**Q** 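Can you read through this structure? Questions will come right after.
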Amino acid sequence: MPIDPWWLQAKAEELCIYAPLLVPDVVQTRDYAETIVRQTVPDGRRVDQIVARLVGRQQQLEDQPRTRLSVLLEEQVLHRTVGGRLVLQQQLEFLTQTVERPHVDIRVLPANWGWHPGLDGPFTVCKMLRPYPPVAIVEHFTGRLVIEADDADRYLDTFDKLKQTTLEPTRSIELMQETADDLAGGRRSTNPEGQGLQRDAPDQLRRREDGRRCRGAADRRLRRP
């Protein structure tokens, strides 16, 4: 029988989400989600229904007992201006607020990493209540693939390895807030139409890149045995 991926997520004790491209739907703002849905659904009424259902599902994860969320974001997600600068700014600020909840952990994989085990694409591992084994969910163009048994364990192992390469939780939050602040400042002074980070002044970009390199070098030194 086909398995509803959302039913699995709702029944899970913890969701382990690796997101290299977009903010995952369980922590999306309404505007961010609507922007994504409108790219593939032309019917406005249908868009409203899908977004409303998504928001309702997010609330379901907040019901007691709350589903724990462990989210790993690639740093590039923080700069992909889905919906424009303002929508992304609000999305990042929402993440910094969401992570304050005791059942939510959001971390960032720095952009200066080369190869790592998550390069095959995004996935979600549902840690089910014992004695049930974990189940992995992999998205593709036409839907979602549900993976069980030993293959699901491989995804969980990959998630754990990826987590070891992330910035610490506090630094991850700081990076999200710094990026949101950059978007707010650039939107006011250099790009009122919200067309992307590439319109920032060159000296701002250089300062940001210099800061990232310094942080990346510090992070690598801390991880050395």
Side-chain angles (χ1 to χ4, degrees), residues 5-6 9-10 12 14-63 66-109 111 121-124 126 137 139 144 166-167 169-188 191-200:
W6 176 253
Q9 293 182 63
E14 180 178 3
L15 297 181
C16 300
I17 304 171
Y18 168 58
L21 303 174
L22 297 167
V23 175
D25 55 7
V26 295
V27 286
Q28 288 175 0
T29 63
R30 180 181 291 272
D31 289 342
Y32 190 97
E34 182 177 333
T35 299
I36 295 172
V37 174
R38 286 191 183 280
Q39 303 307 309
T40 56
V41 180
D43 186 338
R45 289 175 298 180
R46 178 65 175 156
V47 169
D48 293 341
Q49 293 171 358
I50 293 174
V51 173
R53 184 165 65 245
L54 182 147
V55 173
R57 287 174 169 177
Q58 290 177 346
Q59 185 57 49
Q60 187 176 349
L61 296 177
E62 291 289 321
D63 294 341
R66 287 174 168 173
T67 302
R68 296 198 305 274
L69 298 178
S70 295
V71 180
L72 309 183
L73 296 173
E74 290 278 3
E75 186 177 351
Q76 63 184 1
V77 175
L78 309 186
H79 303 290
R80 180 164 287 118
T81 48
V82 174
R85 300 177 72 97
L86 178 58
V87 170
L88 179 59
Q89 175 203 340
Q90 293 173 341
Q91 173 66 73
L92 295 179
E93 290 175 344
F94 176 74
L95 293 179
T96 63
Q97 298 165 8
T98 301
V99 80
E100 295 177 357
R101 303 173 186 174
H103 65 294
V104 178
D105 181 19
I106 301 176
R107 305 191 189 191
V108 176
L109 279 76
F123 62 85
T124 297
C126 303
I137 301 173
E139 298 190 13
R144 295 179 177 181
T166 61
L167 301 175
T170 300
R171 180 61 198 135
S172 294
I173 298 171
E174 290 175 349
L175 185 57
M176 288 186 284
Q177 187 60 62
E178 289 169 5
T179 307
D181 292 343
D182 285 348
L183 288 164
R187 180 170 53 82
R188 287 192 297 268
N191 184 17
E193 296 181 1
Q195 295 300 314
L197 287 173
Q198 65 273 20
R199 291 181 179 266
D200 284 343

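The structure displayed is predicted, hence computed values, not measured ones. Numbering of residues begins at 1 and proceeds along the displayed sequence.
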**Q** Do R80 and L21 make a side-chain contact, defined as non-hydrogen atoms from C-beta onward lying under 4.5 Å apart?
**A**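 Side-chain contact under 4.5 Å: yes.
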**Q** Is any side-chain heavy atom of V23 closer than 4.5 Å to one of V77?
**A**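 Counting from C-beta outward, V77 and V23 do come under 4.5 Å.
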**Q** Of all residues at least two apart in sequence or in a different chain, which pass the ring-ring contact (aromatic ring centres under 6.0 Å, His included) check with F123?
**A**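 For F123 the ring-ring contact (aromatic ring centres under 6.0 Å, His included) partners, ignoring immediate neighbours, are Y18, Y155.
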**Q** Would you please name every residue forming a side-chain contact (heavy atoms from CB on, under 4.5 Å) with E174, sequence neighbours left out?
**A**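 Applying side-chain contact (heavy atoms from CB on, under 4.5 Å) to E174 gives T170, R171, E178.
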**Q** I need the full list of salt bridge (Lys or Arg N to Asp or Glu O under 4.0 Å) pairs touching residues 48-60, with sequence neighbours left out, sorted by first then second residue.
**A**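 Found none.
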**Q** Compare every heavy atom of V47 with every heavy atom of R38, then report the nearest pair and how far apart it is.
**A**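 The answer is CG-CG1, 3.8 Å.
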**Q** How many angstroms lie between atom CG of L86 and atom CD of Q91, to the nearest 0.5 angstrom?
**A**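 Nearest 0.5 Å value for the CG-CD distance: 12.0 Å.
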**Q** Considering residues at least two apart in sequence or located in another chain, which fulfil the side-chain contact (heavy atoms from CB on, under 4.5 Å) criterion with V99?
**A**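 V99: side-chain contact (heavy atoms from CB on, under 4.5 Å) contacts with I106, I173.
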**Q** With heavy-atom distances below 4.5 Å as the criterion, would you say the side chains of T179 and L175 are in contact?
**A**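 Yes, their side chains come closer than 4.5 Å.
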**Q** Spell out, as yes or no, whether a donor-acceptor pair under 3.5 Å connects the side chain of S172 to the backbone of V108.
**A**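 It does hold such a pair.
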**Q** To the nearest 0.5 Å, what is the distance between CD (Q28) and CG (L54)?
**A**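 CG of L54 is found 6.0 Å from CD of Q28.
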**Q** Under the salt bridge (Lys or Arg N to Asp or Glu O under 4.0 Å) rule, what pairs show up with a residue in residues 15-28, not counting sequence neighbours?
**A**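 Passing the test, one end in residues 15-28: D25-R144.
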**Q** State whether the side chain of Q39 and the backbone N or O of T35 hold a donor-acceptor pair below 3.5 Å, judged by distance alone.
**A**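 Present.
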**Q** Roughly how far, to the nearest 0.5 Å, is CG of L167 from CG of L72?
**A**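 Answer rounded to 0.5 Å: 11.0 Å.
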**Q** Restricting to salt bridge (charged side-chain N to carboxylate O under 4.0 Å, His left out), what partner residues turn up for E100, sequence neighbours left out?
**A**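 With sequence neighbours excluded, E100 shows a salt bridge (charged side-chain N to carboxylate O under 4.0 Å, His left out) to no residue whatsoever.
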**Q** Can you sort out the partners of E14 under salt bridge (charged side-chain N to carboxylate O under 4.0 Å, His left out), two or more places apart, ordered by chain and number?
**A**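 Counting only residues at least two positions away or on another chain, E14 forms a salt bridge (charged side-chain N to carboxylate O under 4.0 Å, His left out) with R68, K127.
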**Q** Does C126 reach the side chain of L15, with side-chain heavy atoms less than 4.5 Å apart?
**A**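 Yes, their side chains come closer than 4.5 Å.
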**Q** Decide yes or no for D181 and Q177: does some side-chain heavy atom of the first lie under 4.5 Å from some side-chain heavy atom of the second?
**A**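 A side-chain contact under 4.5 Å exists here.
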**Q** For the residue pair Q59 and E62, establish whether any side-chain heavy-atom pair is separated by less than 4.5 Å.
**A**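 In short, these two side chains touch, coming nearer than 4.5 Å.
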**Q** Quick one: side-chain hydrogen bond (donor to acceptor under 3.5 Å, both in side chains) partners of E93, sequence neighbours excluded?
**A**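 For E93 the side-chain hydrogen bond (donor to acceptor under 3.5 Å, both in side chains) partners, ignoring immediate neighbours, are Q89.
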**Q** Among all residues two or more places apart in sequence or in another chain, which pass the salt bridge (charged side-chain N to carboxylate O under 4.0 Å, His left out) test with R30?
**A**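 Salt bridge (charged side-chain N to carboxylate O under 4.0 Å, His left out) check on R30 returns nothing, list empty.
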**Q** With sequence neighbours left out, write down each residue that passes salt bridge (charged side-chain N to carboxylate O under 4.0 Å, His left out) with D105, or none if nothing qualifies.
**A**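 D105 satisfies salt bridge (charged side-chain N to carboxylate O under 4.0 Å, His left out) with R107, K163 only.
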**Q** So, using side-chain contact (heavy atoms from CB on, under 4.5 Å) as the criterion, who are the partners of A19 when residues are at least two apart?
**A**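 So A19 forms a side-chain contact (heavy atoms from CB on, under 4.5 Å) with P24, L73.
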**Q** Listed by chain and number, what are the side-chain contact (heavy atoms from CB on, under 4.5 Å) partners of Q60, not counting sequence neighbours?
**A**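 Listed in chain order: W6, A10, D63.
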**Q** What are the two closest heavy atoms between L78 and M176, and how far apart are they?
**A**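 Result for this residue pair: CD2-CG, 3.9 Å.
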